[in-house]
Undergrad: 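Below is one structure. I have some questions about it.
Letters A, B, ... are given to chains in the order of the sequence lines, protein chains preceding strands, and every chain is numbered from 1.
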Protein chains: 2
Amino acid sequence: MSYSLTYSQAVLVVVYVADKIRQGFYDYVPTRAIATSLGIPAPTTAKILQALGRAGLIETREGAKGGVRLAVPAADVSLRDILDALEHKRPLFQTHAHVRAKGERPTRAQAAIGRALDGAEQAMRAELARTSVEDILAHFPARPR
Amino acid sequence: MSYSLTYSQAVLVVVYVADKIRQGFYDYVPTRAIATSLGIPAPTTAKILQALGRAGLIETREGAKGGVRLAVPAADVSLRDILDALEHKRPLFQTHAHVRAKGERPTRAQAAIGRALDGAEQAMRAELARTSVEDILAHFPARPR
DNA sequence: ATAACTAGATATACAACGTATTCAGTTTAA
DNA sequence: TTAAACTGAATACGTTGTATATCTAGTTAT
């Protein structure tokens with residue numbers, strides 16, 4: 001199992017939008033332009049952008065010359081922010097919800113397992129928080145060749 | 001999205017089997033006994049055990065008085081071992097496979113994103129590797145009350 | 001008025017998951 | 001030898017989530 005493809009696409013979208021600013025384009029970027037450039041279907045792109053907008057990572061403008069642009073500086077957007085925008089802090093591991101063990105021993109085991117899995121998830125989230133969109137941008141030049 | 005419920009169940013299963021040994025029961029434990037005690041459907045339990053068996057974490061015995069038992073000491077089984085047995089090292093994040101961005105800039109962005117996501121996954125896996133089944137067992141007493 | 005945009009809702013196909021059932025083979029005990 | 005207790009394997013089914021497509025409605029600039 002894995003995180004949805006949409007998350008990776010969302011990161012790419014945010015990076016693309018941030019890159020536009022870095023290249024000196026400060027206008028709103030239309031959804032369709034993003035979709036075309038990144039090879040992501042427009043409806044999917046729109047959905048991603050809506051989630052990012054609701055999370056306050058981008059701002060949108062309706063109407064002609066509308067589109068999206070970054071609402072916060074690229075350095076202030078971490079991969080974790082994007083994950084939360086898409087996944088709404090949904091837990092990575094399913095622990096207590098549906099396992100109906102009988103007896104105290106398995107129940108205590110479950111609690112211990114749950115804590116360990118939580119720890120692993122927090123480790124991952126902490127690592128994601130360490131990487132900002134600006135860090136990604138740093139891997140290629142600001143100016144197109 | 002999340003890891004399958006099956007993974008959490010698998011951990012619980014391994015802990016249960018290890019706990020049996022700790023309680024002085026060295027016989028093979030039948031699948032059905034595990035399923036009943038843990039409230040996991042028998043076919044699901046069987047599938048989990050098959051995966052664990054293929055990974056060498058447990059050994060199985062067919063026939064009457066058959067069942068499963070731990071193939072390695074509980075201290076040598078980490079939560080990561082169990083994850084790999086169930087998920088076969090499938091990546092947590094979908095990165096390169098289906099995003100068909102056009103141009104070098106998005107492609108380089110993708111590579112950078114992929115590396116960052118890999119790092120996050122490795123952080124999680126490292127954390128899982130730090131917890132053994134014995135660590136889980138340590139959270140409750142060896143002897144039943 | 002028209003074109004270019006987002007927002008929202010609905011629909012569809014597909015994959016994955018969890019569970020159930022059936023059959024076949026193995027092993028032990030009586 | 002037979003029956004019971006077990007695992008292994010295959011198949012089926014229902015549910016859920018995901019990705020994509022389509023359509024309608026509203027907004028904004030020219």
Undergrad: Does C:dC17 have OP1 or OP2 sitting under 4.0 Å from an N or O in the side chain of B:Thr6?
TA: no

Undergrad: When rounded to the nearest 0.5 angstrom, what is the spacing between CG in B:Leu5 and OG1 in B:Thr44?
TA: 8.5 Å

Undergrad: Between A:Thr60 and C:dA7, is there a contact of a side-chain N or O with OP1 or OP2 at under 4.0 Å?
TA: yes

Undergrad: Provide, to the nearest angstrom, the distance between the CD1 atom belonging to B:Ile34 and the P atom belonging to D:dT7.
TA: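 After rounding, the reported distance stands at 8 Å.
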
Undergrad: When the distance from CG of A:Leu49 to C1' of C:dA7 is rounded to whole Å, what number comes out?
TA: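 That distance rounds to 12 Å.
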
Undergrad: List in chain and number order the residues that pass salt bridge (charged side-chain N to carboxylate O under 4.0 Å, His left out) with B:Arg80, two or more places apart in sequence or in another chain; answer none if no residue qualifies.
TA: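 Here no residue qualifies.
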
Undergrad: CD of A:Glu59 versus P of C:dT6: gap in Å, rounded?
TA: 13 Å

Undergrad: In the 5'-to-3' direction, what one-character label does each nucleotide of nucleotides 22-30 of chain D receive under the scheme B = base within less than 4.0 Å of a protein heavy atom, S = sugar-phosphate only, - = no such atom?
TA: B---BBBSS

Undergrad: With salt bridge (charged side-chain N to carboxylate O under 4.0 Å, His left out) as the rule and sequence neighbours excluded, what pairs involving residues 27-53 of chain A come up?
TA: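 Qualifying pairs, neighbours excluded: none.
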
Undergrad: Are a donor atom and an acceptor atom from the side chains of A:Asp19 and A:Gln23 found within less than 3.5 Å of each other?
TA: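 On atom types as modelled, these side chains qualify, holding a pair under 3.5 Å.
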
Undergrad: Taking CD1 from B:Ile40 and P from C:dA20, how many angstroms apart are they, rounded to a whole number?
TA: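 Atom CD1 in B:Ile40 sits about 12 Å away from atom P in C:dA20.
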
Undergrad: Check residues 48-66 of chain B and write down every donor-acceptor pair under 3.5 Å in which the side-chain atom is one partner and the other belongs to a residue at least two apart or another chain.
TA:
unit_1	atom_1	unit_2	atom_2	d
B:Glu59	OE2	B:Arg69	NE	2.6
B:Glu59	OE2	B:Arg69	NH2	3.2
B:Arg61	NH2	B:Lys65	O	3.2

Undergrad: Once you round it to whole Å, what is the distance between C1' of C:dA20 and CD1 of B:Ile48?
TA: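 Distance check: B:Ile48 CD1 to C:dA20 C1' gives 15 Å.
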
Undergrad: Measure NZ/A:Lys47 against C1'/D:dA21 and give the value in whole Å, please.
TA: 12 Å

Undergrad: Does a side-chain N or O of A:Thr44 approach OP1 or OP2 of D:dT20 to a distance below 4.0 Å, or not?
TA: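 Yes, within the criterion.
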
Undergrad: Could you check which of C:dA7, D:dT7, D:dA21 has an atom nearest any side-chain atom of B:Thr31?
TA: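 Minimum distance to the B:Thr31 side chain belongs to D:dT7.
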
Undergrad: Could you work out, with side-chain hydrogen bond (donor to acceptor under 3.5 Å, both in side chains) as the rule, every residue matching B:Asp81, not counting sequence neighbours?
TA: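 Per chain and number, B:Asp81 pairs via side-chain hydrogen bond (donor to acceptor under 3.5 Å, both in side chains) with B:Ser78.
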
Undergrad: Taking atom P of C:dT6 as reference, at what distance in whole Å does atom CZ of A:Arg54 sit?
TA: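 After rounding, the reported distance stands at 15 Å.
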
Undergrad: Between P on C:dA15 and CZ on B:Arg90, what's the gap in Å once rounded to a whole number?
TA: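 For the pair B:Arg90 CZ and C:dA15 P, the rounded distance is 14 Å.
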
Undergrad: Would you give me the side-chain donor-acceptor pairs under 3.5 Å for residues 132-142 of chain A, sequence neighbours excluded?
TA:
unit_1	atom_1	unit_2	atom_2	d
A:Ser132	OG	A:Glu134	N	3.2
A:Ser132	OG	A:Asp135	N	3.1
A:Ser132	OG	A:Asp135	OD2	3.3
A:Asp135	OD2	A:Ser132	N	2.9
A:His139	ND1	A:Asp135	O	3.0

